[in-house]
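See below for the structure under consideration.
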Amino acid sequence: MDLGLAGRKAFVAAASKGLGLACAKALAGEGARVFVVSRDARAIEAAAKEVGAAGWKAADVSKAGEPEAAIEAAVAALGGLDILVVNAGGPPAGTFQTTELPAWDAAYQLTLMSAVRLVRAALPHLKESDQGRIVFITSVSVRQPIPNLVLSNSIRGGVTGLSKTLALELGPDGITANCIAPGTILTDRIRDLHAGGGSLEESLRKSAAAIPVRRIGTPQEFGALCAFLCSQHAGYITGQTIGIDGGALVGVH
Ligand code: NAP
C-alpha cells in the first residue's frame, strides 16, 4: 500500500529514541521529509543521521518558547509542514500520596502545555497543507489508570480532550487529530519503569505474560501505526484514540 507520504513534511517531537524515533523512522521510510527534536543535542543529531532527517534541533518542549522555536526551525528547513507528531518524555512515577505539588506543575508543562505550544505554533502551517495530520502520543493510562503513575493518569486525559477538540475545530480545514495510546512498547521508558527492584528481564517477562498476545510491543509496530495515521488513507480517521497494547486494556472502548 502506498501511504502517499513521499515528500510530506513532518515534525516529530521527542524523537532521539523510543516511540518518537520509531515514528520518525517510519515516516522517513515512507519518503517523508522529517525534522526531529529532543533536548540532548548530541542524541538528536545522531538520531537525525540514523533517520536520514532533513533537519534537527535541540529543544525542551516543556519550556515556553522552545517548542515554538523548534517549529519555526522545522518550517524553515522543510518549507512548510504537513504532519505534527506531538511527544515528550513521560512524567515521573509516583502515587498520589508520594507526589508533591511542584511535580504536578512540571508534568502539566511537560505533557499538556508542550502539546498546546506545539500545535499553536504548527497550526498556521498545517492549515496551508492539503492533508494536515496531528498525532499525539499518549498512553493506555487515558483509559485505564496505571498504578504508581498518578501524573500520567491525571494529565494525559487533557491531551485526549485537546485532540478531540482539535478534530472538531480543524476537520473543515482537512486536518485530522488523533492520539496513539501505547500499552507496553519496549523503549528506555519501559526499561526504566521496570528497573526498580529485582531483575529487569524478570519484570518484563511477567509484564509480557499478563498481555493477551504474550509479548511486549516493538517500536517498529508503533511507528507503522503512526505512519498510517499520517497517510493519505487516514483522512476519515479523526478524533480517535487508537490503542496499541497487545490487548492489555480490559474494557470494550
Ligand atoms: P523514552 O524511550 O524515554 O524516550 C523519550 C524521548 O523523549 C527521548 O528522545 C528524549 O530525548 C525525549 N524527551 C524527553 N523529555 C523531553 C522534553 N522535555 N523535550 C523534548 N524531548 C524530550 O520514552 P518512550 O517510551 O519513547 O515514550 C514516549 C512517550 O510515550 C512518553 O511520554 C511515555 O511516557 C509515553 N508512553 C510510552 C509507553 C511505552 O510503552 N513505551 C507507554 C505509555 C506511554 P532527550 O533526552 O534528548 O530529550
Side-chain angles (χ1 to χ4, degrees), residues 11-26 35-48 50-51 53 56-71 73-74 85-94 106-115 117-118 135-160 179-195 203-204 207-208 211 215-223 225-226 241-246 248-249:
F11 178 102
V12 185
S16 66
K17 60 181 183 172
L19 304 182
L21 177 62
C23 293
K25 277 186 182 170
F35 190 95
V36 289
V37 165
S38 85
R39 293 165 304 178
D40 183 322
R42 264 197 214 163
I44 197 64
E45 184 177 15
E50 190 182 338
V51 167
W56 62 272
K57 185 169 173 58
D60 183 339
V61 295
S62 72
K63 294 200 170 133
E66 298 202 17
E68 294 84 348
I71 294 284
V85 180
V86 176
N87 186 29
Y108 166 71
Q109 293 297 332
L110 176 67
T111 302
L112 181 58
M113 286 313 295
S114 65
R117 291 193 170 102
L118 285 168
V135 172
F136 298 92
I137 298 180
T138 63
S139 170
V140 69
S141 70
V142 301
R143 290 174 165 149
Q144 183 172 302
I146 300 171
N148 202 37
L149 282 182
V150 68
L151 294 171
S152 174
N153 296 342
S154 304
I155 293 172
R156 285 194 200 278
V159 179
T160 311
C179 297
I180 305 182
T184 308
I185 312 287
L186 194 55
T187 65
D188 283 355
R189 165 79 170 170
I190 293 301
R191 290 186 191 94
D192 292 347
L193 289 173
H194 283 260
S203 175
L204 290 174
S207 174
I211 295 170
R215 66 178 178 83
I216 286 170
T218 67
Q220 290 78 4
E221 290 171 308
F222 188 93
L225 174 56
C226 179
T241 289
I242 317 281
I244 175 163
D245 62 7
L249 176 74

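For ligands, and for the atoms within them, numbers begin at 1 and follow the listed sequence.
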Measure from atom 39 (C) of ligand 1 to every heavy atom in Val37, Ile190, Leu193, Val140 and give the option owning the shortest one. Ile190

Name the option, out of Pro67, Gly89, Ala46, that contains the heavy atom nearest to atom 14 (C) of ligand 1. Gly89

Examine distances only and state if a side-chain atom of [X] and a backbone atom of [Y] form a donor-acceptor pair shorter than 3.5 Å.
X: Asn87; Y: Ala14; result: yes
X: Ser207; Y: Ser203; result: no
X: Gln144; Y: Leu249; result: no
X: Arg143; Y: Thr241; result: yes
X: Glu45; Y: Arg42; result: no

Which bit of [X] is near ligand 1, meaning a heavy atom under 4.0 Å away: side chain, backbone, both or neither?
X: Asn87; value: side chain
X: Ile137; value: side chain
X: Glu66; value: neither
X: Ala47; value: neither
X: Ala88; value: backbone

Do the side chains of Arg191 and Asp188 get close enough for a salt bridge, i.e. N-O under 4.0 angstrom?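 Looking at Asp188 together with Arg191, the answer is yes, because their closest N to O distance falls below 4.0 Å.
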
So that I can tick it off, tell me whether Glu50 and Lys25 are bridged by a salt bridge, with the cut-off set at under 4.0 angstrom between side-chain N and carboxylate O.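 Result for this pair is yes, salt bridge flagged.
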
About how many Å separate OG of Ser141 and CG of Leu151, when rounded to the nearest 0.5 Å? 10.5 Å

Can you sort out which atoms of ligand 1 are near [X], meaning under 4.0 Å from one of its heavy atoms?
X: Thr187; answer: 2 (O), 24 (P), 25 (O), 41 (N)
X: Asp188; answer: 2 (O)
X: Gly18; answer: 2 (O), 26 (O)
X: Thr184; answer: 40 (O)

Please report which non-hydrogen protein atom sits nearest to [atom], along with the residue it belongs to and the distance in Å to one decimal place.
atom: atom 46 (O) of ligand 1; answer: Arg39 NH2, 2.9 Å
atom: atom 33 (C) of ligand 1; answer: Arg156 NH2, 3.5 Å
atom: atom 42 (C) of ligand 1; answer: Gly183 O, 3.2 Å
atom: atom 27 (O) of ligand 1; answer: Leu19 CD1, 3.9 Å
atom: atom 9 (O) of ligand 1; answer: Ser16 OG, 2.6 Å

Grab the two heavy atoms, one from Gly157 and one from Val142, that are nearest each other, plus how far apart they are.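 Distance-wise, the nearest heavy atoms are N-CG1, 4.2 Å.
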
Tell me whether [X] has any N or O atom under 3.5 angstrom from an N or O of ligand 1.
X: Pro182; answer: no
X: Leu110; answer: no
X: Gly20; answer: no
X: Ser38; answer: yes

side-chain contact (heavy atoms from CB on, under 4.5 Å) test vs Ile180 passes for just one of Ile185, Val85, Val135, Leu19, namely Val135

Quick one: does Gly217 get a heavy atom under 4.0 Å from ligand 1? no

Ala22 touching ligand 1 at heavy-atom level, < 4.0 angstrom: no

